[in-house]
K.L.:
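Would you mind keeping the following structure in view while I ask a few things?
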Number of protein chains: 2
Amino acid sequence: MQVYTSATISLSSHLAQPGRPAPLESGPLQPVMFFPASSEIYAQGEKAGAFYQVEFGAVRIYRLLADGRRQISAFHLAGETFGFEAGTTHHFFAEAINATGVRVFRVTGGADMSHQLLPLALKGLTRAQEHLLVLGRQNAIERVAAFLVDMVERQGGLRQVELPMSRVDIGDYLGLTIETVSRVFTRLKDKGVIRLLNLRSVEILKQDVLQTMGE
Amino acid sequence: MQVYTSATISLSSHLAQPGRPAPLESGPLQPVMFFPASSEIYAQGEKAGAFYQVEFGAVRIYRLLADGRRQISAFHLAGETFGFEAGTTHHFFAEAINATGVRVFRVTGGADMSHQLLPLALKGLTRAQEHLLVLGRQNAIERVAAFLVDMVERQGGLRQVELPMSRVDIGDYLGLTIETVSRVFTRLKDKGVIRLLNLRSVEILKQDVLQTMGE
DNA sequence: CGAATAATTGACAAACGTCAATGCCCGTGG
DNA sequence: CCACGGGCATTGACGTTTGTCAATTATTCG
């Protein structure tokens, strides 16, 4: 089992960069921050005063057990939103997986953002509960299939899917070890369901088979 | 593995009963509905137009896989709220575990309830993500310990905890089989951590040990 | 009191994890 | 441009945990 000590957890500083023109729905220009690979966006216990939209790159949201076991509860790709949380402190860690740009929306005491936040929170809730079904009741091959189908859908249904995260990340998302993830990829490859173009991109050869596996 | 076919899924009708005085925060009297044990409160795919507060009894929220495997994503006890969902249709099933009274808050198009719903949604999101950590990264004894600690906290920290749900429900909540749940209860009993008063109530003898196990 | 249901227990099997060795990318520097 | 090194991924052998199947015991409800 892969374990994360305090030394393993990213300690990189937050590098703020000048914002660029905001191609966003409404409101004033929102700052875009740049995070290098494996840098921390926020930490568990930190005060939560903003929510975030991924401009480019990818983000992982996770929690740790005392002994270092890690569970990634979500990945967020370009265009997706994260970071709104109950109460005033973050319950999770957020890290950039690769070089990532994030648009920050500060939630001031005055402005009422319930209207914007509620649909995001509900969507996150539904996603988390679907993920519970995968972790609680599906075996290794079903979990990987469900993950791949999800990635396909989030990338517009293209045959070729980019996986911005490592095998370790995938394992920690699916509640599996890196070895099991690797073996399942090999099995899917041998069955002719997928083709590994390189470590970070997969071609889906039999979408329907994958879909059925992931239920 | 326990499996649920359409015959197994509750088909009981919704028995509405006259409401009683509403001991609630604000607003007009809200109707209380009564559901007998194992009756359906709402089903996956149904139109969602309300949220619910448990008056007495207990509720399970779950999803099914095509082959009948079930994952319970949450239990709701007296005083707790559930049923608000993204979009217009329910993504889950809600069933009364025992004879249960539920106060129904209809969400009309006009009234804006974001303020009330957002904190509930965020709390649910946090709970779901904590549950993900349990299912993804904890073993059987840790899962049961975490479950018992959660039940203790939700029942005010008393030594004696009531479990309104069956072992099957606990298994489907923790991603374990009923046999494994049973064996873990026995192990905890043999270790002197808990005492089984009867099938549905547990005395916590070593809260600290339990707490440590559940991390 | 007795039947039906739920829970426990045991023997065995299967899935996944652990440990260790090997292989493959990819970036860097000569 | 090629060679080398380091990190990540894959593969194999084996162990552990949990699931499956089946029998037994306990509990609840008529």
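Sequence lines set the chain letters: A, B, ... in the order given, protein chains first and strands last, and positions in each chain run from 1.
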K.L.:
Without hydrogens or angle criteria, can the side chains of B:Gln160 and B:Glu162 be said to hold a donor-acceptor pair below 3.5 Å?
P.N.:
yes
K.L.:
Can you check the A:Ile170 CD1 to C:dC16 C1' distance for me, whole Å?
P.N.:
17 Å
K.L.:
Could you walk me through whether A:Val134 and B:Gln71 pass the side-chain contact (heavy atoms from CB on, under 4.5 Å) check?
P.N.:
CA-CA 9 Å; A:Val134 173; B:Gln71 178 64 40; over 6 Å; no
K.L.:
Looking at A:Glu142 and B:Arg69, is there a salt bridge between them, counting it only when a charged N and a carboxylate O are closer than 4.0 Å?
P.N.:
yes
K.L.:
Quickly work out the B:Arg137 CZ to C:dC16 C1' distance and round it to whole Å.
P.N.:
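In whole Å, C:dC16 C1' lies 11 Å from B:Arg137 CZ.
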K.L.:
Would you mind classifying the nucleic acid contact of B:Asn198 as base, sugar-phosphate or nothing, using non-hydrogen atoms under 4.0 angstrom?
P.N.:
nothing
K.L.:
Would you say B:Glu215 and A:Asp67 make side-chain contact, with heavy atoms under 4.5 Å?
P.N.:
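Of all side-chain heavy-atom pairs linking A:Asp67 with B:Glu215, at least one is under 4.5 Å.
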K.L.:
What is the distance from CZ of A:Arg143 to P of C:dA15, rounded to the nearest Å?
P.N.:
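In whole Å, C:dA15 P and A:Arg143 CZ are 14 Å from each other.
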K.L.:
Could you tell me if B:His90 and B:Glu85 have a donor-acceptor pair between their side chains, going purely by distance under 3.5 Å?
P.N.:
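There is such a pair (donor and acceptor under 3.5 Å, judged by atom type) between the side chains of B:Glu85 and B:His90.
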K.L.:
How close or far is atom P of D:dA9 from atom CE of A:Met165, stated in whole angstroms?
P.N.:
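Spelled out: CE on A:Met165 to P on D:dA9 is 12 Å.
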K.L.:
Applying salt bridge (Lys or Arg N to Asp or Glu O under 4.0 Å), run through B:Arg70 and B:Asp169 and close with a yes or a no.
P.N.:
CA-CA 9 Å; B:Arg70 182 179 71 158; B:Asp169 285 340; 2.7 Å; yes
K.L.:
Calculate the interatomic distance between A:Leu197 atom CG and D:dA9 atom P; express it in whole Å.
P.N.:
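Checked: the CG to P distance equals 16 Å.
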K.L.:
Nucleotides 10-14 of chain D: which of its N/O atoms have a protein N/O under 3.5 Å away?
P.N.:
from   : atom 1 : to       : atom 2 : distance (Å)
D:dT10 : OP1    : A:Arg167 : NH2    : 3.3
D:dT10 : OP2    : A:Arg167 : NE     : 3.0
D:dT10 : OP2    : A:Ser182 : OG     : 2.7
D:dT10 : O5'    : A:Ser182 : OG     : 2.8
D:dT11 : OP2    : A:Thr186 : OG1    : 2.3
D:dG12 : N7     : A:Arg183 : NH1    : 2.9

K.L.:
Return the angle between end axes of the helix from C:dC1-D:dG30 to C:dG30-D:dC1, with five pairs used per end and rounding to 10°.
P.N.:
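The end axes of the helix from C:dC1-D:dG30 to C:dG30-D:dC1 are about 40° apart, to the nearest 10°.
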K.L.:
Touch check for A:Gly175, heavy atoms < 4.0 angstrom, all strands: base, sugar-phosphate only, or nothing?
P.N.:
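If one applies the 4.0 Å heavy-atom cut-off, A:Gly175 turns out to touch the sugar-phosphate alone, with no base involved.
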K.L.:
Just the rounded figure in Å: distance from P of D:dT16 to CZ of B:Arg187.
P.N.:
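My rounded result for the distance is 14 Å.
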K.L.:
Going by the ring-ring contact (aromatic ring centres under 6.0 Å, His included) test, which pairs reach into residues 119-148 of chain A, not counting sequence neighbours?
P.N.:
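For residues 119-148 of chain A: A:His131-A:Tyr173, A:Phe147-A:Tyr173.
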K.L.:
Using whole Å, report how far CG of B:Leu188 lies from P of C:dT8.
P.N.:
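That distance rounds to 12 Å.
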K.L.:
May I have the distance from B:Arg69 (atom CZ) to C:dA15 (atom P), rounded to whole angstrom?
P.N.:
12 Å
K.L.:
Going by side-chain hydrogen bond (donor to acceptor under 3.5 Å, both in side chains), B:Glu80 matches just one of B:Arg154, B:Lys123, B:Gln53. Which one?
P.N.:
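The residue from B:Arg154, B:Lys123, B:Gln53 that satisfies side-chain hydrogen bond (donor to acceptor under 3.5 Å, both in side chains) with B:Glu80 turns out to be B:Arg154.
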